[in-house]
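Keep in mind that the numbers below use all heavy atoms, side chains included, and drop hydrogens, waters and symmetry copies.
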Amino acid sequence: MEKEELLKEFSAILTQEEMLLDTLTEKQKLLRTSIIDKDWEVLVDLITEINQISDAFQHFDARRDEIQEQLKSTEIKPFFDSLSMLRTKLLKCKMENQVISNYVNVTREFISEVVNKALPQTRNKNYTKYGTITQPQTASVLVDVRG
């Protein structure tokens with residue numbers, strides 16, 4: 001493949017990756033909102049969409065790396081601004097992931113604490129066959145909502 005064609009493909013891939021990251025950022029914001037609002041149907045749909053976007057991004061990123069290895073640094077120099085913007089958007093996506101992860105972890109810890117206080121375990125400590133203590137699992141609870 002000629003250098004000119006490689007450079008055109010490289011430019012197109014950078015544009016495509018930027019658009020994917022923009023879309024991913026928007027989907028992550030909607031994901032966070034659906035988690036907070038406990039809208040599980042939207043959540044599942046968004047997770048599917050985010051996975052598809054991530055797969056597409058990985059495909060483009062792998063091809064960009066292949067092309068970048070074939071080009072000299074002087075040929076890539078005109079794309080430094082685009083590469084920098086791409087890294088910035090990728091960092092923004094990672095930060096949004098961290099915010100979602102932190103929210104989920106805090107919520108999970110809170111719920112676990114509430115369940116442990118509401119349903120204290122009366123069992124003795126459990127030991128593995130190696131003599132180490134294992135955490136007792138929370139007992140299943142059945143709630144009759146029929147009244």
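Other residues, nucleotides and ligands place no more than 12 heavy atoms under 6.0 Å from the NZ atom of Lys92.
A donor-acceptor contact shorter than 3.5 Å links the side chain of Thr25 to the backbone of Leu21. Ser34 places a side-chain N or O within donor-acceptor distance of the main-chain N or O of Leu31, the cut-off being under 3.5 Å.
Here the OG1-CD distance, from Thr23 to Gln52, works out to 12.5 Å after rounding to the nearest 0.5 Å. Note: Arg63 CZ to His59 NE2 = 8.5 Å, rounded to the nearest 0.5 Å. With rounding to the nearest 0.5 Å, the separation of CG in Leu30 from CD1 in Ile50 is 8.5 Å. In this structure, Glu66 CD and Leu6 CG are separated by 10.5 Å, a value rounded to the nearest 0.5 Å. The CD atom of Glu18 sits 10.0 Å away from atom CZ of Phe57, with the distance rounded to the nearest 0.5 Å. The CD1 atom of Ile53 sits 11.0 Å away from the CE atom of Met19 when rounded to the nearest 0.5 Å.
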Give the table of side-chain donor-acceptor pairs shorter than 3.5 Å for residues 38-49, with sequence neighbours excluded, one pair per line with atom names and distance.
{"from": "Thr48", "atom 1": "OG1", "to": "Val44", "atom 2": "O", "distance (Å)": "3.1"}
{"from": "Glu49", "atom 1": "OE1", "to": "Lys27", "atom 2": "NZ", "distance (Å)": "2.5"}

List the atom pairs, donor and acceptor, that lie under 3.5 Å between side-chain atoms in residues 72-87 and the rest of the protein, sequence neighbours left out.
{"from": "Glu75", "atom 1": "OE1", "to": "Lys72", "atom 2": "N", "distance (Å)": "2.8"}

> Where do Arg64 and Glu9 land on the side chain to side chain contact (heavy atoms under 4.5 Å, CB included) test, with the steps shown first?
Replying inline: CA-CA 8 Å; Arg64 183 179 55 82; Glu9 185 180 358; over 6 Å; no
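Residue Glu17 comes nearest to Phe60 through the heavy atom pair OE2-C, 3.5 Å, listed as atom of the first residue, atom of the second, then distance.
A donor atom on one side chain and an acceptor atom on the other are not found under 3.5 Å apart for Glu109 and Asn105.
Taking the charged nitrogens against the carboxylate oxygens, Glu96 and Lys29 have no contact shorter than 4.0 Å, which rules out a salt bridge.
Within the 4.5 Å cutoff, no side-chain heavy atoms of Tyr103 are placed close to those of Arg32.
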